[in-house]
Colleague: 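Take a look at this one; I'll ask things after.
Everything numeric here is computed off the predicted structure, so don't read it as measured data. The figures here come from the full heavy-atom set of this structure, side chains too, leaving out hydrogens, waters and symmetry mates. Here is the naming used below: chain letters follow the sequence lines, and residue numbers restart at 1 for every chain.
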Amino acid sequence: MAPNFITEIIERDLESGKYPQVVTRFPPEPSGYAHLGHVFASFLDFQTAVQYGGRYHLRMDDTNPELATQEYVDAIADDLRWLGWDWGEHFYYASDNFERYYEYAEQLIRQGDAYVDSVSGDEMAALRGTPDQPGTPSPYRERTPEENLDLFRRMRAGEFGNGEHVLRAKIDLSSPNMKLRDPALYRILHVSHYRAGDWCIYPMYDFQHPLQDALEGVTHSMCSLEFVDNRAIYDWLMERLGFEPRPHQYEFGRRGLEYTITSKRKLRRLIEEGLVSGWDDPRMPTLRAQRRLGVTPEAVRAFAAQIGVNRTNRTVDLAVYENAVRGDLNTRAPRVMAVLEPLKVELTNLTEPQELTLPYWPHDVVALSPDGLLSLPGGERVPADQAVRGVPLTREVYIEQSDFALSPPKGFKRLTQGGMVRLRGAGIIRADEVELDDAGQPVLIRASIQPEEVGAAGVIHWVSAGQSVPAEFRLYDRLFRVPNPEGENPQDASSPLETPEFDPEGMSHEGDAPVSSDFVRFLNPDSLRVLHGFVEPSVLDDPQDTRYQFERQGYFWRDPVDSREEGLVFGRIITLRDSWAKSLPRAEKVSGAGRPAVADANGKKATAQAPAEAKAPDFTPQEQAEMERLRGLGVGEEDAIALARDPQLGEFFAQGGAGAHAAQVAAWVVNDLSGVLRSGTNRLSAADLPALAELLAQGSISSRIAKDVLARSAQSGEAPAAAVEREGLKVMSDAGELRRIVDEVLAAHPAEAEAFRGGKRALQGFFMGQVMKATGGQADAGAVGSLLKEVAGG
RNA sequence: AGGGAUAUGGUGUAAUUGGCAACACAGCAGAUUUUGGUUCUGUUAUUCAGGGUUCGAGUCCUUGUAUCCCUGCCA
């Protein structure tokens with residue numbers, strides 16, 4: 001996990017001793033299968049704990065009895081274990097603590113912090129008000145604790161029907177944060193829970209989640225950005241219930257993946273409509289599907305590790321995932337050959353069948369091996385010369401249809417009529433005769449093996465026609481044609497035939513169904529191609545879960561569900577990168593593997609806007625008058641605006657009585673002191689500012705010195721001018737002295753100094769900073785600047 | 001509209017907290033290659049906009065703009 005704002009917080013907390021160790025948790029709701037979207041969140045939770053020597057919990061957030069099932073619990077835990085996580089005994093269920101939550105709810109009621117409300121759902125929503133309309137108290141808001149307790153107990157006892165009452169926190173009905181307008185804590189739901197049995201009241205997320213964090217001893221509770229507003233409830237609860245030490249919630253931005261959807265509802269729809277074969281259809285983004293596809297846990301984790309963390313929702317380039325998958329497979333998958341779309345070649349001068357011995361690994365993977373050993377498909381590590389398999393070469397072989405062209409495009413490095421090409425490991429052949437079918441397509445090539453000396457531009461793969469194994473090949477491609485299938489994709493042009501009529505007014509008369517926003521129409525019609533071809537016989541001896549690179553085709557493995565000994569089914573995990581296909585015009589592409597031109601996805605980013613003229617801010621007449629008064633004093637325009645609009649700053653400035661130094665004092669107040677003034681941590685007296693300004697005006701201190709002193713005085717309360725006096729601060733402008741320091745600094749950074757002398761002017765700032773550091777900020781910047789220019793220039 | 005959050009190359013993140021705008025992926029060019037793969041080398045391109053403070057601003061101040069979240073008895 002690369003450093004991020006959360007690790008920063010953790011390091012601070014660990015250092016200050018706030019917590020003895022980090023405890024995190026990943027809290028999925030068991031109402032669906034884990035998918036690539038969860039990978040990032042779980043990785044952040046788990047890996048962060050690992051990194052700081054803490055522990056991590058897996059927790060099932062199963063407070064909604066209508067959604068949670070044991071099947072999902074098992075599946076999620078299984079997938080996460082597959083990813084390599086081990087939470088030991090720290091596997092929790094929210095439902096294990098229903099009894100304890102209940103006790104805390106009673107405590108809140110007794111404290112007067114919660115009440116039973118008895119209005120309908122609709123009414124409650126109406127009473128909550130709107131963002132600019134404060135809520136109105138429900139008629140039941142002032143029930144006594146006794147009354148509430150009685151009602152709440154009877155709720156639990158099952159005396160009421162669904163929705164008749166709710167328990168609500170009593171917080172603030174007029175809060176601008178809607179979450180704080182007396183959120184519901186418990187609802188009545190006569191549904192039995194898959195684990196907890198016959199409860200009829202269920203805790204809401206906002207009540208349950210913080211409590212569960214606290215009960216587990218979680219320290220840093222990470223969740224996604226949409227819960228920012230909920231943090232107020234979290235903190236309120238922790239405070240009211242007196243948890244100490246207590247967990248804190250931190251929010252991070254979600255990470256989506258291009259060409260992928262993660263909405264449970266939409267994924268379910270794909271299955272229900274038969275658009276994919278199930279939750280483990282290899283095209284699905286679920287972990288089950290990626291497992292079946294053949295992606296390894298190491299690759300998934302490498303992917304997760306590469307994604308950064310911050311507080312913005314972002315969509316990650318699919319290439320990052322593909323890169324992780326390929327990088328993992330390159331050194332994991334032995335090379336063998338398979339022909340997916342066969343074209344028969346007769347080797348007319350091959351008299352006897354041969355058994356070739358070909359290496360599993362290309363030269364570069366061999367070179368990469370640290371111990372010189374290489375894996376056999378079974379996993380055994382052997383010396384390079386033993387990492388081989390037998391491959392039969394017979395008079396009839398198959399090559400790939402796309403590896404022969406009657407009229408080759410420019411740059412074609414494969415077989416052509418009369419041309420030469422190397423059959424991997426079997427020598428060079430020349431196509432002497434081509435037999436065509438009625439449609440003019442080649443059906444048989446008669447070729448002859450040529451001596452090595454003739455040379456060949458390219459190498460193609462092949463299998464023996466008589467001694468290879470028939471197999472089905474499933475070629476998967478991305479499920480969607482567009483990078484953001486859940487967005488609007490206004491520039492969806494990759495399917496010209498289906499492009500709807502452009503309707504600038506957005507008033508299409510046939511717009512009854514929201515078809516345009518329907519993600520299904522972005523499905524890639526070629527996301528699955530099934531081919532029947534042949535694979536070399538060596539694979540029959542290998543373990544079922546061997547991942548191969550079929551040379552020049554991609555990475556494959558046996559479909560763990562559908563492949564049989566007598567009916568091999570290989571699924572393509574991922575293609576090889578193909579810079580040849582990329583360079584070809586669209587029509588000539590061999591397969592649909594090319595990537596559609598990037599249609600800029602919907603609103604992930606502010607689409608560059610015309611230089612919208614900055615609207616003039618609105619000022620009240622009072623502000624206007626105050627600004628003019630300040631301007632009259634000599635205060636700069638920007639500073640005047642700030643002082644006039646922020647009463648805290650304005651007032652502080654006024655106390656200063658700056659007189660002739662008004663402009664300088666105003667600048668300090670606005671630019672350097674606004675932070676401490678607003679946070680209320682300032683100890684500096686405004687009346688002390690003019691004296692400092694006077695020193696600056698006289699030239700005895702620099703503005704850098706003034707700034708530094710100001711910062712210190714804001715903390716200590718000492719008059720800045722007095723601090724200058726006491727610390728003996730003054731501008732250091734003695735040329736000889738400065739030159740000595742500059743030389744020292746240059747000597748201390750020889751590499752940079754050389755680059756600087758060589759003309760890298762950007763280093764000016766670097767050296768200036770070094771000089772300032774060396775002199776405690778007292779060097780005369782102007783003088784140092786000219787010294788440095790001399791160095792760079794001469 | 002009220003509140004909240006965010007903004008750095010095409011994409012995802014860094015930047016010693018005011019001092020060389022960097023890393024990875026993608027792109028482009030070249031080298032190596034019995035995989036149009038891999039690897040290696042080089043290279044293009046970035047601080048949302050305007051203003052201010054400063055010797056120096058991605059970072060501080062200010063005014064805007066854009067995007068996302070919040071008005072479930074879901075999580």
Colleague: Measure distances between side-chain N and O atoms of A:D639 and base N and O atoms of B:G52, and say whether any donor-acceptor pair falls under 3.5 Å.
Modeller: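 It does not, because no donor-acceptor pair links the side chain of A:D639 to the base of B:G52 below 3.5 Å.
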Colleague: Would you classify A:T130 as touching base, sugar-phosphate or nothing, given that sugar-phosphate means primed atoms plus P, OP1 and OP2, and contacts are heavy atoms under 4.0 Å?
Modeller: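 It contacts base atoms.
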Colleague: Quantified in whole Å, what is the C1' atom distance between nucleotide B:U39 and nucleotide B:G58?
Modeller: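 The same atom, C1', in both gives a distance of 35 Å.
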Colleague: Give A:P27 one of three labels, base, sugar-phosphate or nothing, depending on what nucleic acid heavy atoms sit under 4.0 Å from its own.
Modeller: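 Contact class for A:P27: none.
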Colleague: Does A:R181 make a side-chain N or O approach to OP1 or OP2 of B:C70 shorter than 4.0 Å?
Modeller: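 For B:C70, OP1/OP2 do not have a side-chain N/O of A:R181 under 4.0 Å.
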Colleague: What interatomic distance, in whole Å, is found between C1' of B:A57 and the corresponding atom of B:A21?
Modeller: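 Result for the C1' pair: 12 Å, nearest Å.
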Colleague: Which atom names give the shortest non-hydrogen contact between A:S118 and A:H165, and what distance separates them?
Modeller: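 So the minimum-distance heavy-atom pair works out to OG-ND1, 2.7 Å.
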Colleague: Checking only heavy atoms, does the side chain of A:R335 share a donor-acceptor pair with the base of B:U35 at less than 3.5 Å?
Modeller: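 Such a pair is found, so the answer is yes.
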Colleague: For B:U63 and B:C28, measure between their P atoms and round to the nearest Å.
Modeller: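 B:U63 and B:C28 have their P atoms separated by 45 Å.
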Colleague: Which listed nucleotide (B:C55, B:G36, B:C61) is nearest to the side chain of A:M768?
Modeller: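 In terms of side-chain proximity for A:M768, the closest of B:C55, B:G36, B:C61 is B:C55.
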Colleague: Send over the distance from A:W361 CH2 to B:U34 P, rounded to a whole Å.
Modeller: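 Interatomic distance, CH2 of A:W361 to P of B:U34: 19 Å.
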Colleague: What I'd like to find out is whether the side chain of A:D61 reaches to under 4.5 Å of the side chain of A:F26, using heavy atoms alone.
Modeller: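 Heavy-atom side-chain distance check fails, nothing below 4.5 Å.
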Colleague: Would you mind telling me which of B:A75, B:C55, B:G36 lies closest to the side-chain atoms of A:D578?
Modeller: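 For the A:D578 side chain, the nearest candidate turns out to be B:G36.
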Colleague: Choosing from B:G52, B:A7, B:G19, which nucleotide comes nearest the side chain of A:F766?
Modeller: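 Comparing B:G52, B:A7, B:G19 against the side chain of A:F766, the answer is B:G19.
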Colleague: Of the candidate nucleotides B:G36, B:G52, B:G19, which contains the atom at the shortest distance from the side chain of A:M772?
Modeller: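 The nucleotide sitting nearest to the side chain is B:G19.
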Colleague: Indicate whether the side chain of A:Y115 and that of A:D182 have a donor and an acceptor atom separated by less than 3.5 Å.
Modeller: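 A:D182 and A:Y115 do have a side-chain donor-acceptor pair below 3.5 Å.
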Colleague: Side chain of A:N330, heavy atoms from C-beta onward: which of B:U71, B:U38, B:A7 has the nearest atom to it?
Modeller: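 Output: B:U38.
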Colleague: To check you understand the geometry: which heavy-atom pair defines the closest contact between A:I429 and A:L415, and what is its length?
Modeller: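 Shortest heavy-atom separation between A:I429 and A:L415 comes out as CD1-CD2, 4.2 Å.
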Colleague: Distance check needed: B:G37 P versus A:Q549 CD, whole Å only.
Modeller: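 Interatomic distance, CD of A:Q549 to P of B:G37: 11 Å.
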Colleague: Any base atoms under 4.0 Å from A:E8, or only sugar-phosphate, or nothing? Heavy atoms, all strands.
Modeller: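 Result for A:E8 = base.
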Colleague: What is the distance from CE of A:M420 to P of B:U34, rounded to the nearest Å?
Modeller: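 Spelled out: CE on A:M420 to P on B:U34 is 18 Å.
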Colleague: Could you please name the option among B:U53, B:U71, B:C20 that lies closest to any side-chain atom of A:A762?
Modeller: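 Side chain of A:A762 sits closest to B:C20.
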Colleague: Just compare B:G36, B:A26, B:C68 and give me whichever is closest to any side-chain atom of A:N313.
Modeller: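 So the nucleotide nearest the side chain must be B:C68.
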Colleague: Base, sugar-phosphate, or nothing: which does A:G769 touch, judged by heavy atoms less than 4.0 Å apart?
Modeller: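 Counting heavy atoms under 4.0 Å across all strands, the contact made by A:G769 includes a base.
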Colleague: Surrounding NZ of A:K773 (heavy atoms of other residues, nucleotides or ligands, distance under 6.0 Å), is the total greater than 12?
Modeller: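 Check fails, neighbour count at 12 or below.
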Colleague: So does A:N310 reach the base of B:G12 with its side chain, donor to acceptor, closer than 3.5 Å?
Modeller: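 No.
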Colleague: Starting at CD of A:E638 and ending at C1' of B:U62, how long is that distance when rounded to a whole Å?
Modeller: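 The answer, rounded to whole Å, is 5 Å.
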Colleague: Between B:A29 and B:U44, how far apart are the two P atoms, rounded to whole Å?
Modeller: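 About 15 Å, rounded to a whole number of Å.
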Colleague: Taking the same atom, C1', in B:G4 and in B:C40, what whole-Å distance lies between them?
Modeller: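 Result for the C1' pair: 49 Å, nearest Å.
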Colleague: Any N or O donor-acceptor pair linking the side chain of A:K179 to the base of B:C70 at under 3.5 Å?
Modeller: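 Such a pair does not exist between side chain and base.
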Colleague: Please tell me which of the listed nucleotides, B:A75, B:A14, B:G52, lies nearest to the side chain of A:N4?
Modeller: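 Looking only at side-chain atoms, A:N4 lies closest to B:A14.
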Colleague: Reckon A:G785 touches a base, only the sugar-phosphate, or nothing at all at heavy-atom distances under 4.0 Å?
Modeller: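 Nothing, no heavy atom under 4.0 Å.
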Colleague: Specify the glycosidic conformation (syn or anti) of B:G4, with syn defined as within 90° of 0.
Modeller: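 B:G4: anti glycosidic orientation.
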Colleague: Has A:Y205 got its ring stacked on the base of B:A75, with centres under 5.5 Å and planes less than 30° apart?
Modeller: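 Per 5.5 Å and 30° rule: no stacking.
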Colleague: In terms of side-chain heavy atoms, does A:Q249 have a donor or acceptor partner in A:E251 at a distance below 3.5 Å?
Modeller: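 Result is yes, a qualifying pair exists.
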Colleague: State whether the distance check finds a donor on one side and an acceptor on the other, under 3.5 Å, for side chain A:R414 versus base B:G36.
Modeller: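 Looking at the base of B:G36, it does pair with a donor or acceptor on the side chain of A:R414 (distance under 3.5 Å).
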Colleague: Out of B:U35, B:G52, B:A75, which nucleotide sits closest to the side chain of A:T63?
Modeller: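 Of all the options, the side chain of A:T63 is nearest to B:A75.
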Colleague: If you look at every strand shown and take non-hydrogen atoms under 4.0 Å, does A:D229 touch a base, only sugar-phosphate, or nothing?
Modeller: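 Touches a base.
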Colleague: Under 4.0 Å between a Lys/Arg side-chain N and an Asp/Glu carboxylate O for A:D578 and A:K582?
Modeller: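 A salt bridge is absent here (no side-chain N lies under 4.0 Å from a carboxylate O).
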Colleague: In Watson-Crick or G-U wobble terms, both distances under 3.5 Å, what is the partner of B:U17?
Modeller: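 In the structure as shown, B:U17 has no Watson-Crick or wobble partner.
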Colleague: Indicate, with a heavy-atom threshold strictly under 4.0 Å, whether A:R424 touches base, sugar-phosphate, or nothing.
Modeller: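 If one applies the 4.0 Å heavy-atom cut-off, A:R424 turns out to touch a base.
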Colleague: Quick one: CG on A:L788 to CZ on A:F756, what's the gap to the nearest 0.5 Å?
Modeller: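 Here the rounded value is 5.0 Å.
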Colleague: Which of these nucleotides, B:U71, B:C60, B:C20, is closest to any side-chain atom of A:P131?
Modeller: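 Per side-chain heavy atoms of A:P131, the pick is B:U71.
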Colleague: Salt bridge between A:K264 and A:E29, side-chain N to carboxylate O under 4.0 Å?
Modeller: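 A salt bridge is present here (some side-chain N lies under 4.0 Å from a carboxylate O).
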Colleague: Which part of the nucleic acid, if any, lies within reach of A:V309 when heavy atoms closer than 4.0 Å are counted: base, sugar-phosphate only, or nothing?
Modeller: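 The residue A:V309 makes sugar-phosphate contact but no base contact.
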Colleague: Which is true for A:Q553 with a 4.0 Å heavy-atom rule: it touches a base, it touches only sugar-phosphate, or it touches nothing?
Modeller: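 No contact.
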Colleague: I'd like to know if A:R168 reaches the base of B:G72 with its side chain, counting only an N/O donor and acceptor under 3.5 Å.
Modeller: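 Between B:G72 and A:R168, which were checked side chain against base, a qualifying N/O pair under 3.5 Å is absent.
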Colleague: Give the rounded distance in Å between these two atoms: OH of A:Y234 and C1' of B:G4.
Modeller: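 About 19 Å, once rounded to whole Å.
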Colleague: Base, sugar-phosphate alone, or nothing: which one does A:R704 contact when heavy atoms must sit under 4.0 Å apart?
Modeller: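 If one applies the 4.0 Å heavy-atom cut-off, A:R704 turns out to touch a base.
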Colleague: Have a look at A:R422 and say if it touches a base, only the backbone sugar-phosphate, or nothing, with a 4.0 Å heavy-atom cut-off.
Modeller: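 Base: the residue A:R422, judged by heavy atoms under 4.0 Å, touches a nucleobase.
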Colleague: Distance check, P atoms only: B:U6 and B:A15, in whole angstrom units.
Modeller: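 B:U6 and B:A15 have their P atoms separated by 16 Å.
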Colleague: Can you tell me, in whole Å, how much space there is between the C1' of B:U47 and that of B:G10?
Modeller: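 Per the computed distance, 16 Å lies between those C1' atoms.
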Colleague: Which whole number of Å gives the distance between the P atom of B:C69 and that of B:G27?
Modeller: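 Looking at atom P only, B:C69 and B:G27 are 31 Å apart.
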Colleague: What integer distance in Å separates A:L677:CG from B:C61:C1'?
Modeller: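 For the pair A:L677 CG and B:C61 C1', the rounded distance is 12 Å.
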Colleague: Counting any heavy atom closer than 4.0 Å, what does A:G458 reach on the DNA or RNA strands: base, sugar-phosphate only, or nothing?
Modeller: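 Counting heavy atoms under 4.0 Å across all strands, no contact is made by A:G458.
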